[in-house]
Amino acid sequence: MDDSAEVPGRRRPGRSRRAAVTALLRAALIAAGLVTVYYVLPLDGRGTSGDSVLLVCGLLLVIVVFWWEVRAIVTSPYPRLKAVEALATTLALFLLLFAGAYFLLEHTTPGSFSEPLTKTDSLYFTLTTFTTVGYGDITADSQTGRVLTMIQMLGGLLLVGVAARILAGAVQAGLRRQGREPSDDFPSRPEG
């Protein structure tokens with residue numbers, strides 16, 4: 001049989017590699033773009049009531065982006081790659097949203113944290129909270145800061161647990177839609 005002929009249900013290796021590189025590059029560019037927006041946005045001088053509305057709107061945006069990405073996974077020719085992109089986008093948006101909220105809280109209510117926060121410090125605190133490393137060098141000292149941190153912790157658990165399960169289900173649905181099963185992407189090695 002000619003190696004160049006396509007077998008139904010199988011992807012050509014060159015096309016799959018290009019799709020993987022494109023998806024990973026797109027995910028990295030989206031994350032880098034979001035980080036750039038975070039650093040460029042003028043986040044100083046807002047009031048605390050506006051910050052709360054901004055956080056709620058931001059969390060709603062995370063949910064909308066996530067569901068939009070789930071729908072895209074199901075129809076994608078490469079659902080696994082699209083899921084990686086969806087996770088990178090959703091995770092970056094979630095983390096940067098909380099970093100911005102911590103930065104705004106510290107600037108509208110100084111002393112909310114154990115030290116004044118720059119944007120980098122806020123992102124650092126967000127990442128150490130999300131990864132549960134919690135170095136302890138920056139802590140939330142105010143009640144508002146602690147509540148916000150708890151909301152991030154709960155959101156992070158939901159993102160890791162529930163969202164990952166939803167993404168996995170979307171990948172399975174996308175593969176079934178194409179008439180493929182998960183094992184089709186990983187052919188077994190010949191015995192011998």
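- Side-chain heavy atoms closer than 4.5 Å link hydrophobic residues (I, L, V, M, F, W, Y) into clusters, and following such links, possibly through other members, connects Leu41 to Val62.
- In this structure, the side chains of Tyr38 and Leu97 stay at 4.5 Å or more apart for every pair of heavy atoms.
- Side-chain atoms of Thr139 do not come within 3.5 Å of backbone N or O of Gly136 as any donor-acceptor pair.
- In this structure, Glu69 and Leu167 have side chains that are not in contact, with every pair of non-hydrogen atoms separated by 4.5 Å or more.
- Side-chain contact between Tyr124 and Asp137 is present, with heavy atoms from C-beta onward closer than 4.5 Å.
- Tested against Phe66, the residues Thr89, Thr90, Leu87 include a single side chain to side chain contact (heavy atoms under 4.5 Å, CB included) partner, Thr90.
- The structure places CG of Leu123 at 5.0 Å from OH of Tyr39, a figure rounded to the nearest 0.5 Å.
- Contact of the Leu148 side chain with the Gln152 side chain is not registered, since no non-hydrogen atoms from C-beta on lie closer than 4.5 Å.
- Under a hydrophobic clustering in which Ile, Leu, Val, Met, Phe, Trp and Tyr are joined whenever their side-chain heavy atoms come within less than 4.5 Å, directly or via other members, Val40 and Leu34 fall into different clusters.
- Val147 and Leu154 fall into different hydrophobic clusters, where Ile, Leu, Val, Met, Phe, Trp and Tyr side chains are chained together by heavy-atom contacts under 4.5 Å.
- Between Pro77 and Lys82, the closest side-chain pair of non-hydrogen atoms is not below 4.5 Å.
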>> side-chain contact (heavy atoms from CB on, under 4.5 Å), that's the test. Do Arg80 and Leu175 meet it? Break it down for me.
In response: CA-CA 9 Å; Arg80 284 189 178 96; Leu175 291 172; 3.7 Å; yes
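- Put simply, the side chain of Thr129 does not reach to within 4.5 Å of the side chain of Phe98, judged on heavy atoms.
- In the hydrophobic cluster analysis, where Ile, Leu, Val, Met, Phe, Trp and Tyr join through side-chain heavy atoms closer than 4.5 angstrom, Tyr135 is grouped together with Phe125.
- If you chain together hydrophobic residues whose side chains sit under 4.5 Å apart, Met150 and Leu159 fall into the same group.
- Using a 3.5 Å distance cut-off with no hydrogens or angles, the side chains of Tyr102 and Asp121 do not pair a donor with an acceptor.
- Ile73 places a side-chain heavy atom less than 4.5 Å from the side chain of Val171.
- Taken to the nearest 0.5 Å, the OG atom of Ser76 stands 14.0 Å off from the CZ atom of Arg71.
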